[in-house]
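Just the heavy atoms: all of them, side chains too, but no hydrogens, waters or symmetry mates, feed the values below. Every chain is numbered from 1 and lettered A, B, ... according to where its sequence line falls, protein lines coming before strand lines.
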Amino acid sequence: MRLIRDDETGRREGRIVEVEAYGGSDDRASHARFASTLRNRVMSGPPGIAYVYLVYGMYDCLNVVTEVEGKPGAVLIRAVEPLIGMARMRVDRLAVASRRRAARTAVGMAMSRERMASVADHRLASGPGLVAAAFGVDTAVTGVDLCDPRSSLRLEQPPDDPTRETVEASARVGVAYAGDDWASRPWRFAIARHRSVSGRGTGR
DNA sequence: ACAACGATCAACT
DNA sequence: GTTGATCGTTGTC
């Protein structure tokens, strides 16, 4: 699917190339492992709705609720291949980076800006925190209907693409705390060898 | 009330 | 390969 953000400054659009699945109360890696709370409540609501949470006190992560109402479940959007609006993506990424300015010197910020400007277009949204930053998504987006064509942030089915690509399944990232049973489940899905997928190295 | 920690990222050795 | 930044959520007392 395509991820689209329309606002007064124009359009941002990208192709989702990496996701992870999160289940219900039995999934020890899922936020739904807790009883319904203020934060995860939306996960058991109707499907197609955005669930955004803050991780590590610093980054927002965008999820799509996937199961029928009453059954918790969501898909985390981990990486997007930018197609439209890359200039605005850079601006919003900088805004997120500058939140960290308190601990940084002026020189450090200048260097940070330099590095940011040197990030290749195809790496602008190569991680869940980066997807949210590039598309201007924060926790206030929780509850938005991503399937409504009138929503500023939404999903759209692209025209049929004749390209055939391999989707690779692997273990979810950063969930070792859940124990081997759940951490090793191959619930991370990515387009094989795609250069916009998250992870180290630019050699994709 | 309080302590611990995380579905991350970038800078560092 | 290791580590610091930073704060809302969760579990414990």
Does a salt bridge link A:R15 with A:E165, judged by any charged N lying under 4.0 Å from a carboxylate O? yes

Answer yes when A:E156 and A:R154 have at least one side-chain N-carboxylate O distance shorter than 4.0 Å, and no when they do not. yes

Could you give the distance separating [M] and [N] at their [atom1] atoms, to the nearest angstrom?
N: C:dG1; M: B:dA7; atom1: P; value: 23 Å
N: B:dC12; M: C:dT6; atom1: P; value: 15 Å
N: C:dG8; M: B:dA10; atom1: C1'; value: 22 Å

Whole-Å distance separating the [atom1] atom of [X] from the [atom2] atom of [N]:
X: A:R78; N: B:dA7; atom1: CZ; atom2: C1'; answer: 7 Å
X: A:D60; N: B:dT8; atom1: CG; atom2: P; answer: 13 Å
X: A:R41; N: C:dT9; atom1: CZ; atom2: C1'; answer: 15 Å
X: A:L124; N: B:dC9; atom1: CG; atom2: P; answer: 13 Å
X: A:N63; N: B:dT8; atom1: CG; atom2: C1'; answer: 14 Å
X: A:R172; N: B:dG6; atom1: CZ; atom2: C1'; answer: 15 Å
X: A:F34; N: C:dT9; atom1: CZ; atom2: P; answer: 12 Å
X: A:R185; N: B:dA7; atom1: CZ; atom2: C1'; answer: 16 Å

The side chain of [X] lies closest to which of these nucleotides: [options]?
X: A:Y177; options: C:dG11, B:dT8, B:dG6; answer: B:dG6
X: A:Y56; options: C:dT9, C:dT6, B:dT8; answer: B:dT8
X: A:C61; options: C:dT10, B:dT8, B:dA10; answer: B:dT8

If C:dT6 has a Watson-Crick or G-U wobble mate with both distances under 3.5 Å, name it; if not, just say none. none

Please give the nucleotide sitting opposite B:dA7 as a Watson-Crick or G-U wobble pair, both distances under 3.5 Å, or none. none

Residues A:L62 and A:A50: closest non-hydrogen pair is CD1-CB, 4.1 Å

Quick check on the 6.0 Å ring-centre criterion: do A:H31 and A:Y53 meet it? yes

Just call it for A:L130: base, sugar-phosphate, or nothing, with non-hydrogen atoms closer than 4.0 Å on any strand. sugar-phosphate

Answer with base, sugar-phosphate or nothing: what part of the nucleic acid does A:T139 contact at a heavy-atom distance below 4.0 Å? nothing

Close side-chain approach of A:V17 and A:S196, heavy atoms under 4.5 Å: yes

Is it the case that B:dA7 (base atoms only) and A:Y53 (side chain only) share a donor and an acceptor within less than 3.5 Å, ignoring hydrogens and angles? yes

On the nucleotide B:dC9, are OP1 or OP2 found under 4.0 Å from the side-chain N or O atoms that A:R93 carries? no

Please list, by residue number, the residues of residues 15-33 of chain A whose heavy atoms come closer than 4.0 Å to an atom of DNA chain B; answer none if no residue qualifies. A:Y22, A:A29, A:H31

Between the base of B:dT8 and the ring of A:Y59 - centre-to-centre under 5.5 Å, planes within under 30° - is that a stack? no

Could A:R93 and A:F135 be counted as a cation-pi pair, given that NZ or CZ must be under 6.0 Å from the ring centre and within 45° of the axis? no

Count the heavy atoms belonging to other residues, nucleotides or ligands that lie under 6.0 Å from CG of A:D180, then report whether that count exceeds 12. no

Apply the salt bridge (Lys or Arg N to Asp or Glu O under 4.0 Å) test between A:D27 and each candidate in A:R172, A:R185, A:K71; give the one that qualifies. A:R172

